[in-house]
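What follows is a set of notes on a single structure, which appears directly below.
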Protein chains: 2
Amino acid sequence: MNTHTEENYLKAIFNLSATKGEANVNELSRQLDIKMPTVNSMMKKLSDRGLIIYESYKPVRLTKKGQKEAAMIIRKHRLTEMYLVEKMGFGWDEVHDIAEQIEHVQSPEFFAKMDELLGYPKVDPHGSPIPDRNGKMEWTEYHKLNECKPGDTVIFKAVTHSSDDFLKFLNTRELLLETVIKVISIESFDGTITVEYNKRKQELLSNIVCDKILVSHKKTRSV
Amino acid sequence: MNTHTEENYLKAIFNLSATKGEANVNELSRQLDIKMPTVNSMMKKLSDRGLIIYESYKPVRLTKKGQKEAAMIIRKHRLTEMYLVEKMGFGWDEVHDIAEQIEHVQSPEFFAKMDELLGYPKVDPHGSPIPDRNGKMEWTEYHKLNECKPGDTVIFKAVTHSSDDFLKFLNTRELLLETVIKVISIESFDGTITVEYNKRKQELLSNIVCDKILVSHKKTRSV
DNA sequence: ATATAAAGTTAGAATATTCTAACAAAATTA
DNA sequence: TAATTTTGTTAGAATATTCTAACTTTATAT
Ligand SMILES: [Mn+2]
Ligand SMILES: [Mn+2]
Ligand SMILES: [Mn+2]
Ligand SMILES: [Mn+2]
């Protein structure tokens, strides 16, 4: 079994890899708030343990084994977040820090029970996919809201960053997952987007905010 | 804040103190499965931190501060056990190991929510009292089943030891908390007790089992 | 192509937690 | 009381995780 610490490194590598397929020491250092030499040592250790591929001066990649173990921690994290929101009544902006701790609990039964009580959810409260027991997860191809065109009607499906502040901001604007959003216009000089949703008209969202919002295009899908 | 490790020591001291009011190094060593010299070092550390009173060759006692902090961990442990049983459907024999881990979660909101969802319970699934937010707990005076006399009719209120094995044994005998038990006879040579409860007649319980069962005498209480 | 900056590494040290071996004190037994 | 057992302590070492300081390699900018 991995220690609490090793699990946090694996998870960070997994998350950084999500976009680029690899993670470098410098980014891990920032992400984990741990100095580079410390990260460097841990990379050697994880490499020795067969969890990552590591060669000096190169970015690290998870091995099959590392991938699987990281996915299981992410799975526990996201199941926990979902449980906290759906079964305990927390807001989506309140669950990350708690899940950050509970993800390390060693008890397959505990997470199996959560999964069951939740009805085997596929996504967490932030729209991120929950890996299944085998570490597989379905990535639906979403678009960033700041890449949509005026006239597009889209559905809010996920956030790419889930800091408390950002989520609380979305709360104040009534912007929840599954909200149908119509893109009205985009300012050419700063990318500010004007949208409509629910009963709100002429709502302004900065480009930075829209960069963190993932949407699917509203289309009638043949079932 | 205390580390995970320090919390486990505090809890062990608290539990051992429950009976004698103090704990010695040797017992702590056995309880925690940590060698005596290690426990000895930790006693110095906890003493330096003002959590216990410690003098060489003497048993340790919790200070006010240590008492309070230990009680808060016990509170989190017992609330968790209650939540797992009442809200997630686990058996009373399945929750200790999970609670042992979740008790270390740092999130007042998380435990406050559990408490609220449970309706502010006073006891855990094993009949042990749950300390309140101030660390106070109500100890009802129960009797051991092996100290009852033939003819007594009592109510099963708590277990003093909650190992999986023991609780599973009680499950197989349909012995749950609140069961009304009638003491029929006690063998003088080995203390084996014959009892009746539910629809079971002439049920035999060893003295060792009865030593771990706490009961209250069934009496009409004026309300 | 240099020079500068950024990223990565090595060396050495600190803290936390644990252990074994050896010794000392206290309690129990004879 | 003296011998023995149990309990407790000290010393010294190992592992895990982290840091700072100094150095090296790679990437970027002039
Ligand atoms: Mn999260
Ligand atoms: Mn974590
Ligand atoms: Mn317990
Ligand atoms: Mn614990």
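Throughout, a chain's letter reflects where its sequence line sits, starting with A, and its residues are numbered from 1. Small disclaimer: the values here were computed from a predicted structure and weren't measured.
Across all strands shown, A/Ser56 has heavy atoms under 4.0 Å from sugar-phosphate atoms exclusively, and none from any base. A/Lys44 comes within 4.0 angstrom of sugar-phosphate atoms only, judged by non-hydrogen atoms across all strands, and of no base. Looking at heavy-atom distances under 4.0 Å, A/Thr38 makes contact with a base. As judged by a 4.0 angstrom heavy-atom cut-off over every strand, A/Asn26 is placed among residues touching the sugar-phosphate backbone only. Within 4.0 Å (heavy atoms only), B/Ser29 reaches no atom of the nucleic acid at all.
Rounding to the nearest 0.5 angstrom, the gap separating the CG atom in B/Asn24 from the CG atom in B/Asn26 is 6.0 Å.
Atom CG in A/Asp33 sits roughly 11 Å away from atom P in D/dT18 (whole-Å rounding). Here the P atom of nucleotide C/dT9 and the NZ atom of A/Lys58 are 12 Å apart, to the nearest Å. Taking atom CD on A/Glu55 and atom C1' on D/dT25, their separation rounds to 15 Å, with Å as the unit. Atom CD of A/Glu22 is separated from atom P of C/dA7 by 15 Å (rounded to the nearest Å). Summarising the geometry, the separation between CD on B/Glu27 and P on D/dT7 is reported as 8 Å, rounded to the nearest angstrom. Taking atom CD1 on B/Ile34 and atom P on D/dG8, their separation rounds to 15 Å, with Å as the unit. Between the CE atom of A/Met43 and the C1' atom of C/dG8 there is a distance of 12 Å, given to the nearest Å.
Residue A/Tyr57 places none of its side-chain N or O atoms closer than 4.0 Å to OP1 or OP2 of C/dA6. Side-chain nitrogen and oxygen atoms of A/Tyr9 include none within less than 4.0 Å of the OP1 or OP2 phosphate oxygen of D/dA16. In this structure, B/Asn40 reaches the D/dT9 phosphate: one of its side-chain N or O atoms is under 4.0 Å from OP1 or OP2. The phosphate of D/dT17 has OP1 or OP2 within less than 4.0 Å of a side-chain N or O from A/Thr3.
Between A/Phe90 and B/Glu109 the shortest side-chain heavy-atom distance falls below 4.5 Å. Between A/Phe111 and A/Ile102, some side-chain heavy-atom pair lies under the 4.5 Å cut-off.
Judged purely by distance below 3.5 Å, without hydrogens or angles, the side chains of B/Tyr54 and B/Asn40 pair a donor atom with an acceptor atom. For B/His77 and B/His96, the side-chain atoms include at least one donor-acceptor pair closer than 3.5 Å.
With D/dG8, C/dA11, D/dT17 as the choices, the nucleotide that has an atom nearest any side-chain atom of A/Pro37 turns out to be C/dA11.
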